[in-house]
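Written out below as structure tokens is the structure these notes cover.
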Amino acid sequence: MEVWEAIRKKRAVRDFKPEPLQEAHIRRILDAGRRSQSSKNSQPWQFIAIQNHDTLEQLSKTGNFLTHVAGAALCVVICVPEPNDRTLWHFFDTGQSAAYMQLAALEVGVGSCLGTIYEPDTVRQLLGFPADLQARILISFGYPADQPERPPRKEGRRTWDDVIHLEHW
Ligand SMILES: Cc1cc2nc3c(=O)[nH]c(=O)nc-3n(C[C@H](O)[C@H](O)[C@H](O)COP(=O)(O)O)c2cc1C
């Protein structure tokens with residue numbers, strides 16, 4: 001799949017087939033995150049990859065819009081250092097790693113959806129990562145339950161003229 005095709009077609013997928021991901025697909029996704037660019041090449045992330053159904057179920061309760069996690073085949077929780085003077089860049093960087101993982105997933109037929117963690121302390125306890133790390137974002141992955149290619153959403157994206165400014169505002 002061409003990169004441009006992936007960018008154009010990518011949609012959030014929240015309903016997954018109840019089947020595990022191929023090991024090669026899991027490795028591809030995680031490796032894409034590991035290879036992402038980051039500010040000063042700081043690579044501030046740790047990725048926790050979860051396939052255990054009980055853990056996925058518990059994670060799905062740590063945010064208001066995380067129901068998609070319960071039915072996922074894989075969830076990647078992205079950890080970064082607790083707030084410090086680099087936090088702005090940490091979240092910029094992890095946003096990039098998330099996009100890389102999601103695009104790499106799409107190429108091998110795996111759907112994904114981001115999720116916002118509202119209860120970071122619960123997630124830390126559940127997954128056992130050190131106190132100097134925080135997790136605010138996760139990603140659900142799985143083979144899409146519906147058609148792999150959903151049509152563009154009705155409201156689409158903001159128009160070119162609304163967001164692009166050539167040379168000057
Ligand atoms: C930072 C961030 C947090 C998000 N959190 C959630 C979430 O908690 N639950 C959810 O279902 N989708 C979440 N999403 C997914 C967005 O709703 C989705 O990317 C957006 O609606 C565009 O969807 P589309 O690409 O299918 O048009 C999040 C996306 C981002 C970028």
Side-chain angles (χ1 to χ4, degrees), residues 1-18 21 29-30 32-33 36-39 43-51 53 55-83 86-124 126-127 129 133-164:
M1 178 182 275
E2 299 277 343
V3 176
W4 175 239
E5 188 189 1
I7 290 169
R8 253 188 343 106
K9 289 187 175 167
K10 186 194 158 302
R11 296 287 318 273
V13 175
R14 298 181 176 87
D15 297 312
F16 304 104
K17 286 186 179 151
L21 293 185
I29 290 164
L30 295 170
S36 305
Q37 60 190 346
S38 59
S39 166
Q43 307 168 66
W45 41 63
Q46 298 285 338
F47 305 115
I48 305 180
I50 300 130
Q51 297 180 81
H53 287 293
T55 312
L56 293 171
E57 183 75 34
Q58 291 182 67
L59 278 173
S60 75
K61 295 176 181 145
T62 63
N64 287 1
F65 305 99
L66 294 182
T67 49
H68 53 84
V69 180
L74 169 75
C75 176
V76 175
V77 173
I78 304 179
C79 301
V80 292
E82 272 289 347
R86 301 280 309 155
T87 293
L88 187 62
W89 310 118
H90 290 159
F91 282 105
F92 187 91
D93 293 341
T94 53
Q96 306 218 33
S97 70
Y100 276 40
M101 285 190 269
Q102 291 188 280
L103 288 173
L106 182 64
E107 188 186 30
V108 294
V110 175
S112 65
C113 186
L114 282 154
T116 308
I117 295 166
Y118 287 23
E119 297 175 23
D121 292 336
T122 308
V123 172
R124 184 190 288 108
L126 183 62
L127 302 180
F129 56 83
L133 294 178
Q134 60 173 324
R136 297 301 181 121
I137 285 287
L138 54 72
I139 318 174
S140 292
F141 293 96
Y143 300 116
D146 47 17
Q147 42 186 356
E149 287 181 20
R150 290 162 64 205
R153 56 196 292 164
K154 280 201 207 83
E155 69 272 32
R157 297 293 197 242
R158 289 165 62 193
T159 64
W160 173 284
D161 288 342
D162 197 24
V163 296
I164 309 291

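Atoms considered below: every heavy atom in the structure, side chains included; atoms not considered: hydrogens, waters and symmetry mates. Ligands are counted one by one from 1 in listed order, and the atoms in each one are counted from 1 as well.
- By the side chain to side chain donor-acceptor pair (under 3.5 Å) test, Thr55 pairs with Asn52, sequence neighbours left out.
- Using cut-offs of 30° and 60° on the angle between ring planes, the pair Phe92 and Trp89 is perpendicular.
- Taking every non-hydrogen atom of Ala12 and a distance limit under 4.0 Å, the qualifying atoms of ligand 1 come out as 23 (O), 24 (P), 25 (O), 26 (O).
- Closest heavy-atom approach to atom 11 (O) of ligand 1 among the candidates Lys10, Arg157, Lys9, Arg14: Arg14.
- With Thr62 contributing its side chain and Gln58 its backbone, the two residues share no donor-acceptor pair below 3.5 Å.
- Taking the salt bridge (charged side-chain N to carboxylate O under 4.0 Å, His left out) definition, one finds that Arg136 meets it with nothing, sequence neighbours left out.
- Taking every non-hydrogen atom of Gly115 and a distance limit under 4.0 Å, the qualifying atoms of ligand 1 come out as 5 (N), 6 (C), 7 (C), 8 (O).
- The shortest side-chain heavy-atom distance between Ile50 and Leu59 falls under the 4.5 Å cut-off.
- Each of the atoms 10 (C), 11 (O), 12 (N) of ligand 1 lies under 4.0 Å from some heavy atom of Cys113.
- Against a heavy-atom cut-off of under 4.0 Å, Phe65 is close to the following atoms of ligand 1: 7 (C), 8 (O), 9 (N), 10 (C), 11 (O).
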